[in-house]
Amino acid sequence: MENYNLTIGIPIHNEEESIKKCLEAIGQSDLPEKTEIIICDNGSTDKSIDFVQEVKNIKIKVIKESKLGKIFAMNKIIEESSSNFIIFCDADILVKHDTFKKIFDRL
């Protein structure tokens with residue numbers, strides 16, 4: 001298993017309206033070296049995962065959590081992370097190009 005410096009965790013549940021734009025913004029941002037992105041699908045019944053798979057400019061690990069609830073999805077991301085630091089991001093957030101780097105630099 002590869003070790004990362006930072007994990008960006010995104011729990012999702014029926015986020016087809018926003019997830020692609022969120023991931024595109026992350027893909028255009030200045031990410032710290034060795035950043036992993038983990039999306040935890042928490043029982044989506046829409047096309048959220050289809051939109052995730054359309055994003056090509058960043059590598060994304062998709063996992064599933066069957067227990068409904070954001071906290072369960074966040075815990076699953078923590079379990080799957082291979083870094084010491086995790087920044088959670090909601091699927092409807094459009095980050096600025098330096099958001100994660102600024103946060104990581106302060107860690």
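Small disclaimer: the values here were computed from a predicted structure and weren't measured.
Enclosure of atom CD in E54 by more than 12 non-hydrogen atoms of other residues, nucleotides or ligands within 6.0 angstrom is indicated.
Residues I93 and V52 share a single hydrophobic cluster, defined by chaining ILVMFWY side chains whose heavy atoms lie under 4.5 Å apart. Note: the hydrophobic cluster containing I12 also contains V95 (ILVMFWY, side chain heavy atoms under 4.5 Å, direct or indirect links). Connection of M74 to I86 is established within a shared hydrophobic cluster, with ILVMFWY side chains joined at heavy-atom distances below 4.5 Å, either directly or through further cluster members. Residues I58 and F51 share a single hydrophobic cluster, defined by chaining ILVMFWY side chains whose heavy atoms lie under 4.5 Å apart.
Not a single donor-acceptor pair under 3.5 Å links the side chain of S81 to the backbone N or O of I78. Side-chain N or O atoms of E16 include one that pairs as donor or acceptor with a backbone N or O of K47 at under 3.5 Å.
Atoms OH and CD1, from Y4 and I38 in turn, are 8.5 Å apart once rounded to the nearest 0.5 Å. K21 NZ to L23 CG: the interatomic distance, rounded to the nearest 0.5 Å, is 13.0 Å. Atom CG of residue D98 and atom OG of residue S29 lie 9.0 Å apart, to the nearest 0.5 angstrom. Separation of atoms NZ (K96) and NZ (K102) is listed at 7.0 Å; rounding is to 0.5 Å. Taking CD1 of I77 as the start and CD of E65 as the end, the distance is 10.0 Å to the nearest 0.5 Å.
Between E2 and K34, the closest side-chain pair of non-hydrogen atoms falls below 4.5 Å. The closest side-chain heavy-atom distance from I10 to I19 is below 4.5 Å.
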Practice task
Step by step, work out the side-chain contact (heavy atoms from CB on, under 4.5 Å) result for I8 and F88.
Solution key: CA-CA 6 Å; I8 298 172; F88 287 100; over 6 Å; no
Given I87 and T7, is the side-chain contact (heavy atoms from CB on, under 4.5 Å) satisfied, shown in steps?
CA-CA 6 Å; I87 300 172; T7 299; over 6 Å; no
Could you walk me through whether I39 and I63 satisfy the side-chain contact (heavy atoms from CB on, under 4.5 Å) test, starting with their C-alpha distance in whole Å, then the side-chain angles of each, then the deciding distance to 0.1 Å, before giving a yes or no? CA-CA 6 Å; I39 291 181; I63 59 176; over 6 Å; no
Please lay out, stage by stage, how N42 and L68 fare under the test side-chain contact (heavy atoms from CB on, under 4.5 Å).
-> CA-CA 6 Å; N42 192 222; L68 290 180; 4.3 Å; yes
- Task: Please report the C-alpha distance between K61 and E36 in whole Å, then the side-chain angles of each, then the deciding distance to 0.1 Å, and finally whether the salt bridge (charged side-chain N to carboxylate O under 4.0 Å, His left out) criterion is met.
- Result: CA-CA 8 Å; K61 179 179 181 179; E36 71 175 338; 5.3 Å; no
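Using a cut-off of 4.0 Å between Lys/Arg side-chain N and Asp/Glu carboxylate O, K70 and D90 are scored as salt-bridged.
Taking all atoms of both residues into account, the shortest heavy-atom contact from N14 to S44 is N-OG, 2.8 Å. I49 approaches V62 most closely through the heavy-atom pair CD1-CG1, 3.7 Å. Listed here is the closest heavy atom pair of S83 and L6: OG-C, 3.5 Å. Here the shortest heavy-atom pairing between E33 and N5 reads O-ND2, 2.8 Å. Pairing each heavy atom of I37 with each of K59, the nearest pair is CB-O, 4.0 Å. Taking both residues in full, the closest heavy atoms of P11 and C89 are given as CD-O, 3.8 Å, listed atom of the first, atom of the second, then distance.
The residue from T35, L31, D30 that alone fulfils the side chain to side chain contact (heavy atoms under 4.5 Å, CB included) condition with K101 is D30.
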